[in-house]
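Excluded from the calculations below are hydrogen atoms, water molecules and symmetry mates; all remaining heavy atoms, backbone and side chain alike, are included.
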Amino acid sequence: MDAFVVALASVWSDSGFAALEAGNLIMILVGLILLYLALVKGFEPLLLANIAFGCLLANVPKTGFETDPGVMQVILYGVNNEIFPPLIFLGVGAMTDFGPLIANPKTLLLGAAAQIGVFVSLLGAMLVGFTLPQACAIGIIGGADGPTSIYLAAKMAPELLGAIAVAAYSYMSLVPLIQPPIMKLFTSEEARKIKMDQLRPVSKFERVVFPIVCTLFISLLLPSVTSLIGMLMLGNLYKEAGCLDRLNDTAQNALMNIVTIMLAVGTGLTMKADKFLTFQTIEIIILGLVAFIGGTAGGVIFGRLMSWADGGKTNPLIGSAGVSAVPMAARVSQVVGQKANPSNFLLMHAMGPNVAGVIGTAVAAGTMLAMVGGK
């Protein structure tokens, strides 16, 4: 009997239950809430479900994920060492149509204007006590680009990676709720009714040359983001070349799905109670919202200036798509514009600043790395 009791005690002491703390229980609850939002409410389910499950795994004591060799260490290594974000960008590039941007190059300015939220949030983060590298990693949330947020956080503030990733992907999923009130606040009814001329056709030559030129120019200007921009444009080259269909199919389907699982689960694995349950997490979530609102407002305000400059040919609503939540932000521009004028079709026009926002956020991240440096 004594031997049985000793054995039972040994099993208990070796179990995760014996080491379970209040923080772990709270984070398990957070993971369950995120799972509910992903699976029931449909908030970025492909990403948030994996992040949530990774959060559950991270808060099981005594797993040895961070010390023992195995698949979890490989996943964490891929998150922390700029492996998964560039591979995600390869898939994004394979699914992206840069045609609207090439047809209307001035919309690149709208994508750039939407990055104002990044720098507003950066200043706000510094004011509340974050270090400059941490503030840079927080500010990039305003670009609404999850992979870039993870990429920059891993380089500049790895201790904040979990909170930054959750904030970035949460606000991406809330684009249809957050953006419309801001868009209406900074535009008039008349401005929202503006119909834009049909975009010109874009030749195959232009589509093939664009990713090559873009890669060389941005990489030479900001070498620190060459892996992101290079993979984004390589994926797009697969799409536009016409003779790389197998690679294009792999990049936007099989590879994209596999890397999404790895990146999202790895992000969830960083959400351990001792790192996530801090006042800083609340500050990051608030600052992320400020960044996102600032980016949306910056794009719309610049859209109004562009509309004034070109005599009312540009509907300022497309400026809100300058945040790089592709293609959701462009769809929101379409929905808000069509409510003001049922004959309005802004989707393809909004895709110009939308894909420009992807490039703009990567450029903003590269600028921060060049000026501040990573850890």
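Panel note: side chain Asn341, backbone Lys195; no donor-acceptor pair is recorded below 3.5 Å. Judged purely by atom type and a 3.5 angstrom limit, Asn50 has no side-chain atom pairing as donor or acceptor with the backbone of Ile261. Remark: the backbone N or O of Ile83 is not paired with any side-chain donor or acceptor of Asn81 at under 3.5 angstrom. The backbone N or O of Met348 sits nowhere less than 3.5 Å from a side-chain atom of Asp97 that would complete a donor-acceptor pair. Between the side chain of Asn104 and the backbone N or O of Pro100, no donor-acceptor pair lies under 3.5 Å. Looking only at distances, a side-chain donor or acceptor of Thr187 sits under 3.5 Å from a matching main-chain atom of Met183. Proximity of a side-chain donor or acceptor of Asp197 to a complementary backbone N or O of Lys313 within less than 3.5 Å is not detected. The main-chain N or O of Leu244 is never found under 3.5 Å from a side-chain atom of Asn248 such that the two would form a donor-acceptor pair. Remark: the backbone N or O of Leu287 is paired with a side-chain donor or acceptor of Ser121 at under 3.5 angstrom.
Using a 4.5 Å heavy-atom threshold, the side chains of Leu269 and Met72 count as touching. Looking only at side-chain heavy atoms (C-beta outward), Leu56 and Leu32 come within less than 4.5 Å of each other. Contact check for Leu317 versus Val300: no side-chain heavy atoms found under the 4.5 Å cut-off. Contact of the Thr96 side chain with the Lys239 side chain is not registered, since no non-hydrogen atoms from C-beta on lie closer than 4.5 Å. Residues Leu87 and Met262 fail the side-chain proximity criterion, which asks for heavy atoms closer than 4.5 Å. Residues Gln179 and Val336 have side chains not in contact (no heavy-atom distance under 4.5 Å, counting atoms from C-beta outward). Looking only at side-chain heavy atoms (C-beta outward), Tyr238 and Thr250 stay at 4.5 Å or farther from each other. Looking at Gln115 and Val363, their side chains never come closer than 4.5 Å, going by heavy atoms from C-beta outward.
Remark: Leu34 CG to Phe43 CZ distance equals 11.0 Å, nearest 0.5 Å. Expressed to the nearest 0.5 Å, how far OH of Tyr169 lies from CG of Leu46 amounts to 11.0 Å. Rounded to the nearest 0.5 angstrom, Thr260 OG1 and Leu255 CG are separated by 8.5 Å. Between atom CE of residue Met256 and atom CD1 of residue Ile88 there is a gap of 4.5 Å, rounded to the nearest 0.5 Å. Rounding to the nearest 0.5 Å gives a distance of 6.0 Å between CD1 of Ile28 and CG of Asn59. Note that CG of Asn257 is 10.0 Å distant from CD of Gln252, once rounded to the nearest 0.5 Å.
Considering Val213, Leu228, Ile359, Leu232 as possible partners of Ile218, the one that fulfils the side chain to side chain contact (heavy atoms under 4.5 Å, CB included) test is Ile359.
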Discussion item. Walk me through whether Ser307 and Ile194 qualify under side-chain contact (heavy atoms from CB on, under 4.5 Å).
Written reply: CA-CA 9 Å; Ser307 181; Ile194 293 174; 3.6 Å; yes
Practice prompt. Determine, stepwise, if the pair Met233 / Ile212 fulfils side-chain contact (heavy atoms from CB on, under 4.5 Å).
Written response: CA-CA 7 Å; Met233 295 303 167; Ile212 299 170; over 6 Å; no
Practice prompt. Determine, step by step, whether Val74 and Tyr77 satisfy the side-chain contact (heavy atoms from CB on, under 4.5 Å) criterion, reporting the C-alpha distance in whole Å, the side-chain angles of both residues, the deciding distance to 0.1 Å, and the verdict.
Written response: CA-CA 5 Å; Val74 172; Tyr77 185 87; 5.6 Å; no
Discussion item. Evaluate Ile116 against Phe302 for side-chain contact (heavy atoms from CB on, under 4.5 Å), listing each step before the verdict.
Written reply: CA-CA 11 Å; Ile116 189 172; Phe302 196 85; over 6 Å; no
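Follow the hydrophobic side-chain contacts under 4.5 Å out from Met126 and you never reach Ile286; the two are in separate clusters. Residues Leu108 and Leu221 are members of one and the same hydrophobic cluster, defined by side-chain heavy-atom contacts under 4.5 angstrom among Ile, Leu, Val, Met, Phe, Trp and Tyr. Under a hydrophobic clustering in which Ile, Leu, Val, Met, Phe, Trp and Tyr are joined whenever their side-chain heavy atoms come within less than 4.5 Å, directly or via other members, Met271 and Leu29 fall into the same cluster. One hydrophobic cluster holds both Val40 and Ile33 under the rule that ILVMFWY side chains link at heavy-atom gaps under 4.5 Å. Tracing side-chain contacts under 4.5 Å through hydrophobic residues (I, L, V, M, F, W, Y), one reaches Ile284 starting from Ile26; they form part of the same cluster.
Nearest approach of Val372 to Cys136, heavy atoms of both residues: CG2-SG, 3.9 Å. Here the shortest heavy-atom pairing between Thr107 and Pro353 reads CB-CD, 3.5 Å. Thr267 and Ala165 make their closest contact through CG2-CB, 3.0 Å (heavy atoms, listed as atom of the first residue, atom of the second, distance). Here the shortest heavy-atom pairing between Ser320 and Ser333 reads OG-OG, 3.1 Å. Closest of all the heavy-atom pairs between Gly230 and Thr215 is CA-CG2, 4.1 Å. The shortest heavy-atom contact between Asn24 and Ala19 is OD1-O, 4.0 Å.
The environment of CD in Glu21 is sparse: at most 12 heavy-atom neighbours from other residues, nucleotides or ligands sit within 6.0 Å. More than 12 non-hydrogen atoms from other residues, nucleotides or ligands lie less than 6.0 angstrom from CZ of Arg200. Other residues, nucleotides and ligands place more than 12 heavy atoms under 6.0 Å from the CZ atom of Phe276. Around atom NZ of Lys106, more than 12 heavy atoms belonging to other residues, nucleotides or ligands sit under 6.0 Å away. Open room surrounds CD on Gln198; 12 or fewer heavy atoms of other groups in view lie less than 6.0 Å from it.
Sorted by first then second residue, the ring-ring contact (aromatic ring centres under 6.0 Å, His included) pairs that include residues 174-221, not counting sequence neighbours, are Phe98-Phe210.
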